[in-house]
Amino acid sequence: MVLEYFEFYRGNLVNGFDYYYGKLTDEHAFLLKVPKTAGLLPAEVTEPTFDFNRAFADRIAATPALRQYAGMWTDTTFQWQAMSKQMEMFIQGWAHEYNGQSDTLGGNDEWGLRVKYDDNAEEQRYWGVNRYTDNFDEFTRWFDSLASRRIR
């Protein structure tokens, strides 16, 4: 079972969302962290042109839709198998909804995860509002370590 792609977001409608995207292509894999401070609209990880690789540097620089993510992506080709297994371990046993009590718009902590594995025809979706999985803090620390290029 190999992870094909994922998208993770966390934040709220007032303050914005941090996004993490990861994708395995035929040639490589990458991780992209888009902080809410970047002010960018959500991307679609399943788009074939949504692809980051050092070999494509010229194409990325020439494509405004990709250029806006300059410096935000990490090549994870060699770590992808381990990342895939770690993701599977984290989400094993998760419920699909964690709906807690909602506050005012600015006070909510919303999160969501889309994942697609090669042995499953459909992607899986998990989400929550002010409620979390038991291993949520560890999961978000893991994403931050990946995005900061401190792969564990």
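On a predicted model such as this, the values are computed, not experimentally measured, just so you know.
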### Task
Spell out, yes or no, whether F78 and Y5 are grouped together once hydrophobic residues are joined by side-chain heavy atoms under 4.5 Å, including indirect joins.
no
### Task
Using the test side-chain contact (heavy atoms from CB on, under 4.5 Å), find all partners of D119 that sit at least two apart in sequence or belong to another chain.
M1, Y117
### Query
Between the main-chain N or O of F136 and the side-chain N or O of T140, is there a donor-acceptor pair closer than 3.5 Å?
yes
### Query
By ring-ring contact (aromatic ring centres under 6.0 Å, His included), which residues pair with Y98, not counting sequence neighbours?
W111
### Message
I'd like to check the ring-ring contact (aromatic ring centres under 6.0 Å, His included) partners of F139; sequence neighbours left out, ordered by chain and number.
### Response
F8, F90, W94, F143
### Listed partners of E122 passing side-chain contact (heavy atoms from CB on, under 4.5 Å), at least two apart
N120
### Task
Quick one: list whatever passes salt bridge (charged side-chain N to carboxylate O under 4.0 Å, His left out) with D118, sequence neighbours left out.
none
### Query
Is any side-chain N of the basic residue among D109 and R10 closer than 4.0 Å to the acidic one's carboxylate O?
yes
### Query
Which one of D144, L32, V34, L146 satisfies the side chain to side chain contact (heavy atoms under 4.5 Å, CB included) criterion with Y20?
D144
### Check: T77 side chain, H28 main-chain N or O, donor-acceptor pair, under 3.5 Å
no
### Message
For the backbone of N108 and the side chain of N130, can you confirm whether one donor and one acceptor N or O come within less than 3.5 Å of each other?
### Response
no
### Query
Is W142 reachable from M89 through a run of hydrophobic residues whose side-chain heavy atoms are each under 4.5 Å from the next?
no
#### Entry: Residue list, salt bridge (charged side-chain N to carboxylate O under 4.0 Å, His left out) with R125, at least two apart or on another chain
E123
### Query
Aromatic rings Y9 and Y19: how do their planes relate, parallel, tilted or perpendicular, breaks at 30° and 60°?
tilted
